[in-house]
Amino acid sequence: MDHLQPEYVAHLNPRQREAVLATDGPVSVLAGAGSGKTSVLTTRIYHLMRQGVPADKILAVTFTNKAAREMRERLQTKIPDSPLPFVATFHGLGRELLQTYGSVIGVSRHFTIYDRDDSKSAIREALKALDVDPKEVPPAAILSRISKAKSEGQTLTAFREKHGRESFRSRITVDVWARYDETLKKEKALDFDDLIVLPVHLLRDHLDVRARVQERFSHLHIDEYQDTNELQGKLAHYIAGDRKNIFVVGDIDQSIYTWRGATIDNLLKFEETYPGAKHIVLEHNYRSTSTIVEASNQIIERNKNRKEKHAITSNTKGERIVIHPAATAEGEALWVAREARRLIERGTHPEEIAVLYRTNFQSRTLEEAFLACAVPYKLLGTRFFDRKEVKDTLAWIRLALDPDRESDRMRAVQSPPRGIGKVTLGKLIAGKRDELRAADKAKVDTFELVVASLRELAETALPSQFVKLVIEKSGIESALLKEGEEGQERLENVKELATLASRHDEIPGMDGIAAFLAEAALAGDQDEMDRPEGDRKEKKPGVTLMTVHAAKGLEFDAVFVTGLEEGLFPHEGMGGDEERDEEEERRLFYVAITRAKKRLFLTLARIRRIYGTDFMSEPSQFIRDIDPDLTQFVDAGAFGPEAIIEA
């Protein structure tokens, strides 16, 4: 290594060092699976600070709260006595920009963030108001259409002009969107899409604000750039400004979210957007055995819409990839559960084992098998923040910050029940308070006194302290304690909110509480994995069961990829351009197998029951794309190697 290079890059390989030391102008890094991109990002930020760039001038954007926390933790170990740069998800960045500068476009400083459940509830109410049965027109489908339109930069007016007369569903979407916007405005709330759309409009239309943001952040870093959508690409472009100190890391081969609006064009055309950009490829895989790395190359190099990259590794050859064809889906699940148990008995920690599936319906059979075999497991996707008692407590906290939030008021007044019935609630909603009976009015007054006292306490309390006060003063604690053992478990979930809120105790008062509420609203599935344990019921370690999409960015010693049958994985019915869909399914399989560090298992079933009908399955083409020398068949009773190779 050049003796002029700093000692803190000595552990990096030559291309990683090149990326770290390229501090000026636009830089794109094509980083393969397990290539140490997080180490490159954190070391580069550390290098900038050592070169004299103040921490508050550096911005780093990731795609999950988990990744953001990991980056902050790594930076903290490098600079324990220094302030940290601003590290957040895109939605977290949007929240920060709107909270700081949003008053210019009429956004309240203490706005509430609607999570997907909040949005679906509001849309359900809008459908009912339009006399449309939510069972006939699912709120999730309407939300998806509104979300896609917003992510493409369409306003309600533009959507109405373009699609308003196309079909019944389009007309309903327009009417629901209008009512949904009214609800958000009334509740002083923004949804996930607004957290990107509004900052883009803010920086596009207000040059003075854009200049302030560009002055604030002189160096921009973006992880997982292949997963950005068009608006996120624009937001990054506005922040980078004329300096163009934008450093992006991504892997086109791991682009698996086009159905959510992501476009690999942001990474593919980076050099067109930023002429003269430096392009660096990280091909060394530090994660997986050479067998798994070679298999991943064989899979992904069949795709055409990508940038050239061939993974290499100095890791050992490792064990062959195990393929198990089962007769039925139930047999497949039992084999996976038993094999996981054998791995645990031989010393693999349960937390280092993952079972991946293409679609959520596959989890039921797997869960039954793990229960039958007494193998501890956890199902990723049952979100902590979706639990009723947690949502009740969050409603109280939001109401204390903003007593005008009608939806939170209606939830809090019934959580716990305090003798205020539906008739009384109806009169309150209709603004007919003067029509309440004396007894009902007294109950409402008592409730509002509690809200007022909490609002006063919110002015100065630490976030964790405030959560404890809410649990106590709202009556939630005493109500749950009366419910016996089940109530105690639910109370433990509620108390864990205080543990989570303590992350924001450095900011006392309403700003810290608002930051905690934003974290809760923006939590994703992966946050369940590294959430502080607290007094959670699920204390025991277990094998992780999750979709391949949810596994992105994670790694495990042993990985089972299940359901490798034509029509299931690769999955049919993706819609859109056929070639691009096929390539995305291949990228998804590439993501699945590159989660494995030491052992990889591929399983499939000859017969699988879907929606009540038994289907005879053909083996997935992905299995045939792997060199047989890298694989071994185990218990291949359903169909052996010859049948799969010839299929």
Side-chain angles (χ1 to χ4, degrees), residues 1-62 66-87 218-225 245-251 253-254 270 277-290 292-293 296-297 307-318 553-555 557 594-595 597-598:
M1 185 183 73
D2 189 331
H3 70 281
L4 296 177
Q5 292 179 352
E7 76 285 350
Y8 49 81
V9 299
H11 66 291
L12 302 175
N13 68 39
R15 288 185 179 177
Q16 289 176 326
R17 286 199 294 273
E18 182 184 3
V20 166
L21 300 175
T23 55
D24 297 319
V27 181
S28 74
V29 177
L30 194 65
S35 61
K37 66 183 179 66
T38 304
S39 180
V40 168
L41 277 165
T42 52
T43 306
R44 185 180 195 271
I45 291 170
Y46 176 66
H47 175 63
L48 284 170
M49 294 178 67
R50 289 288 296 263
Q51 296 297 303
V53 179
D56 60 5
K57 290 277 189 180
I58 300 171
L59 171 62
V61 185
T62 71
K66 184 178 187 297
R69 277 197 291 274
E70 181 183 351
M71 189 177 294
R72 280 192 291 266
E73 288 165 3
R74 289 201 190 191
L75 286 169
Q76 193 72 69
T77 61
K78 291 178 180 290
I79 47 173
D81 301 320
S82 301
L84 291 178
F86 187 77
V87 182
S218 64
H219 289 77
L220 169 60
H221 303 74
I222 304 177
D223 192 13
E224 305 287 8
Y225 197 60
N245 287 334
I246 178 171
F247 181 90
V248 303
V249 181
D251 184 4
D253 295 336
Q254 295 186 67
F270 186 82
K278 181 183 283 290
H279 179 63
I280 301 166
V281 182
L282 304 183
E283 295 178 304
H284 196 112
N285 184 307
Y286 293 94
R287 175 187 299 157
S288 306
T289 64
S290 66
I292 295 170
V293 169
S296 72
N297 283 330
K307 288 193 174 185
E308 186 60 34
K309 172 170 57 67
H310 184 86
I312 58 172
T313 187
S314 54
N315 291 342
T316 59
K317 187 175 182 64
L554 305 177
E555 59 182 44
D557 282 347
T594 54
R595 301 310 94 199
K597 292 190 281 187
K598 298 176 182 177

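Heads up: numbering here begins at 1 and tracks the sequence.
Among pairs with a residue in residues 17-42, none fulfils ring pair (Phe, Tyr, Trp, His ring centres under 6.0 Å), at least two apart in sequence or across chains.
Few gaps surround NZ on Lys597; more than 12 heavy atoms of other groups in view lie less than 6.0 Å from it.
With sequence neighbours excluded, the residues satisfying side chain to side chain contact (heavy atoms under 4.5 Å, CB included) with Glu308 are Arg306. Every residue meeting the side-chain hydrogen bond (donor to acceptor under 3.5 Å, both in side chains) condition with Lys57, not counting sequence neighbours, appears here in chain and number order: Glu215. For Lys317, there are no side-chain hydrogen bond (donor to acceptor under 3.5 Å, both in side chains) partners, not counting sequence neighbours. Here Asp56 pairs with Pro54 under the side chain to side chain contact (heavy atoms under 4.5 Å, CB included) rule; sequence neighbours left out. In this view, Asn285 satisfies the side-chain hydrogen bond (donor to acceptor under 3.5 Å, both in side chains) rule with no residue, not counting sequence neighbours.
Salt-bridge annotation for Asp251 and Lys309: present, with a side-chain N of the basic residue lying under 4.0 Å from a carboxylate O of the acidic one. For the pair Arg69 and Glu73, the salt-bridge criterion is not met [side-chain N within less than 4.0 Å of a carboxylate O]. Glu224 has a carboxylate O that lies under 4.0 Å from a charged side-chain N of Lys37, or vice versa, which qualifies the two as a salt bridge.
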Q: Show your reasoning for whether side chain to side chain contact (heavy atoms under 4.5 Å, CB included) applies to Thr313 and Ser290.
A: CA-CA 6 Å; Thr313 187; Ser290 66; 3.7 Å; yes

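The side-chain contact (heavy atoms from CB on, under 4.5 Å) with Phe247 is formed by just one residue from the set Ile222, Leu41, Leu48; it is Leu41. Exactly one of Met71, His219, Arg50 qualifies for a side-chain contact (heavy atoms from CB on, under 4.5 Å) with Ile45. That residue is Met71.
Between the side chains of His284 and Ser35, not a single donor N or O lies within less than 3.5 Å of an accepting N or O.
The closest side-chain heavy-atom distance from Lys78 to Thr43 is below 4.5 Å. At a threshold of 4.5 Å between non-hydrogen side-chain atoms, the residues Val40 and Val249 do not count as touching.
Between the side chain of Glu283 and the backbone N or O of His310, at least one donor-acceptor pair lies under 3.5 Å. In this structure a side-chain-to-backbone donor-acceptor pair under 3.5 Å is present from Arg287 to Thr594. At distances below 3.5 Å, not a single donor-acceptor pair connects side-chain atoms of Ser39 with backbone N or O atoms of Gly36. With Arg17 contributing its side chain and Leu12 its backbone, the two residues share a donor-acceptor pair below 3.5 Å.
Note: Tyr8 and His47 have tilted aromatic rings, judged against thresholds of 30 and 60 degrees for the angle between ring planes.
Residues Ala55 and Pro83 approach most closely at CB-O, 3.3 Å, considering heavy atoms.
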